[in-house]
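Chain letters run A, B, ... following the sequence lines, proteins first, then strands; residues in each count from 1. In what follows, every heavy atom counts, from backbone to side chain, and hydrogens, waters and symmetry copies are set aside. Every value quoted in this text rests on a predicted model; they were computed, and no experiment measured them.
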Amino acid sequence: MRPYLREKIPSSIDEIPSATAYEAGYLVTKNSGWRNVRPVIDTATCVGCQNCYLYCPDGVISIEDGKAKIDYDFCKGCGICRTVCKPGAIRMEAEK
Amino acid sequence: MSINAKTLDKTEYFYGHKACAGCGGSLAVRIALKVLGKRSIAVLPAGCMSAVGFNFPQLCFGNNAIISTFAGTASMLTGVYAGLKAQGITDFQAVGFAGDGGTADIGLQALSGAIDRNDDILYICYDNEAYMNTGIQKSSLTPFGAKTTTTPAGKNIRGNLRQKKNMFEIAAAHDIPYAATASIGYINDFMAKVEKASKIRGTKYIHVIAPCPTGWGVASDQTVDIAKEVVDCGLWYLAEYENGSFKINRRPKEFSSVEEYIRRQGRFKHLNDEDIKVIIDSRDKKWEAIDKTYSLQ
Ligand SMILES: Cc1ncc(C[n+]2csc(CCOP(=O)(O)OP(=O)(O)O)c2C)c(N)n1
Ligand code: SF4
Ligand code: SF4
Ligand code: SF4
Ligand SMILES: [Mg+2]
């Protein structure tokens with residue numbers, strides 16, 4: 001589980017809390033638009049070592065069936081995953 | 001066996017945040033919360049991590065989290081701890097994440113008070129070596145020579161003239177139950193220290209170096225690497241304070257090049273060889289003291 005995108009963006013006066021408290025992990029915008037480059041995993045080379053998962057500052061990598069998988073909605077394209085991937089399974093591609 | 005990638009909580013508690021790409025501080029917060037789990041209550045003062053985590057209605061903490069006054073991280077942690085305790089709740093960890101400015105300058109008094117009372121809290125200082133959220137001003141944890149907007153590099157002054165304060169030893173000097181230094185470049189060491197701290201009752205202080213690509217002038221994909229290099233070149237060290245004594249966790253036999261570490265960062269671009277010699281000399285002096293007073297582990 002992670003904080004996730006909601007359909008409802010609180011906007012009217014009765015939807016906005018009067019005290020400064022609200023539901024935890026309530027997301028309404030993605031971060032994908034920040035990206036100039038996109039990390040792409042070569043699953044054949046990925047050994048599932050979890051290094052990219054551990055070091056991603058945005059926590060967008062999970063290991064599924066022994067391979068790294070990226071949530072592109074929230075990846076910012078920083079490239080840290082590529083730097084820490086020892087087998088060289090991640091390449092950065094320009095966003096179109 | 002201490003905690004590792006396999007045993008770590010798969011849940012993400014700091015997600016969708018608005019930190020710059022490659023932000024070291026956000027990695028420190030993310031990993032610490034994965035170690036502490038959903039029963040942690042996070043307190044964040046003014047600074048980048050609160051600014052990027054709470055932008056209503058974008059609320060990026062999956063656990064309970066609250067913003068404190070800039071100076072009041074530790075006192076709010078005390079309040080969280082005391083309030084829950086009064087209600088008979090015991091299965092939680094009050095954890096603070098404050099920057100270098102929020103810790104070593106403005107929040108020092110509240111932190112000192114909490115340690116003095118030995119409140120059962122975990123205080124984590126993510127150190128990016130300046131007031132980053134307001135546009136890179138010098139704090140007392142900015143290293144010698146670094147250019148900030150308040151320590152500019154020009155003809156007469158070449159960046160910060162002061163040495164970095166040793167917050168770890170200041171916390172230890174209170175005879176705190178547990179204090180440690182860490183770096184996001186050695187993430188397993190950091191995880192192990194957060195886990196260890198969570199099992200100790202009383203006040204715990206962890207000081208983690210968390211490079212800021214924006215303020216340091218390094219590429220976003222170099223954050224982790226540079227956080228490792230600062231340890232390898234001896235300008236930062238991994239240590240613990242426990243039961244009244246210091247121990248060093250990692251004693252590099254040979255240091256990697258300080259010059260290379262300095263030269264790859266925009267904030268040090270103006271430094272000349274003499275300045276770098278000053279930095280190397282102060283490193284050597286510090287290690288001489290460490291070798292005398294810290295035990296090896
Ligand atoms: C009492 C008070 N003074 C000043 C500020 C403005 N301010 C907000 S964040 C910040 C910088 C914090 O620096 P640091 O603690 O190092 O955290 P960082 O932003 O680097 O993560 C400042 C000066 C404030 N919010 N409150
Ligand atoms: S670091 Fe590389 S090899 Fe390891 S899990 Fe990630 S992509 Fe796969
Ligand atoms: S590019 Fe950065 S944000 Fe995207 S998956 Fe890699 S480490 Fe995470
Ligand atoms: S300015 Fe630095 S510390 Fe602040 S969010 Fe950006 S990278 Fe992180
Ligand atoms: Mg700072």
Using a 4.5 Å cut-off on heavy atoms from C-beta on, say whether the side chain of [Y] contacts that of [X].
{"X": "Lys18(B)", "Y": "Thr29(A)", "answer": "yes"}
{"X": "Thr223(B)", "Y": "Thr83(A)", "answer": "no"}
{"X": "Ile80(A)", "Y": "Leu27(B)", "answer": "no"}

Closest non-hydrogen atom pair between [X] and [Y], with its separation:
{"X": "Pro10(A)", "Y": "Phe56(B)", "answer": "CG-CZ, 3.9 Å"}
{"X": "Ser26(B)", "Y": "Pro57(A)", "answer": "OG-CB, 3.5 Å"}
{"X": "Cys60(B)", "Y": "Pro3(A)", "answer": "O-CG, 3.8 Å"}

Query - Contacting moiety of Asp9(B), where chain A heavy atoms sit under 4.5 Å - result: backbone
Report task. Can you tell which part of Ile31(B) gets under 4.5 Å to a heavy atom of chain A, answering side chain, backbone, both or neither? Result -> side chain
Just how far is it from atom [atom1] of [X] to atom [atom2] of [Y], taken to the nearest 0.5 Å?
{"X": "Asp73(A)", "Y": "Tyr15(B)", "atom1": "CG", "atom2": "OH", "answer": "7.5 Å"}
{"X": "Leu27(A)", "Y": "His17(B)", "atom1": "CG", "atom2": "NE2", "answer": "10.5 Å"}
{"X": "Trp34(A)", "Y": "Ser220(B)", "atom1": "CH2", "atom2": "OG", "answer": "12.0 Å"}
{"X": "Tyr53(A)", "Y": "Lys10(B)", "atom1": "OH", "atom2": "NZ", "answer": "4.5 Å"}

Report summary line: Counting heavy-atom pairs under 4.5 Å with chain B, the top scorer among Asn51(A), Val84(A), Val60(A) is Val60(A)
Requested in this report: Check whether any side-chain N or O of Arg30(B) sits under 3.5 Å from a backbone N or O of Cys56(A) as a donor-acceptor pair, and report yes or no.
Outcome: yes
Report task. Test Asp221(B) against Met92(A) for side-chain contact (heavy atoms from CB on, under 4.5 Å), laying out the working first. Result -> CA-CA 11 Å; Asp221(B) 63 349; Met92(A) 304 303 287; over 6 Å; no
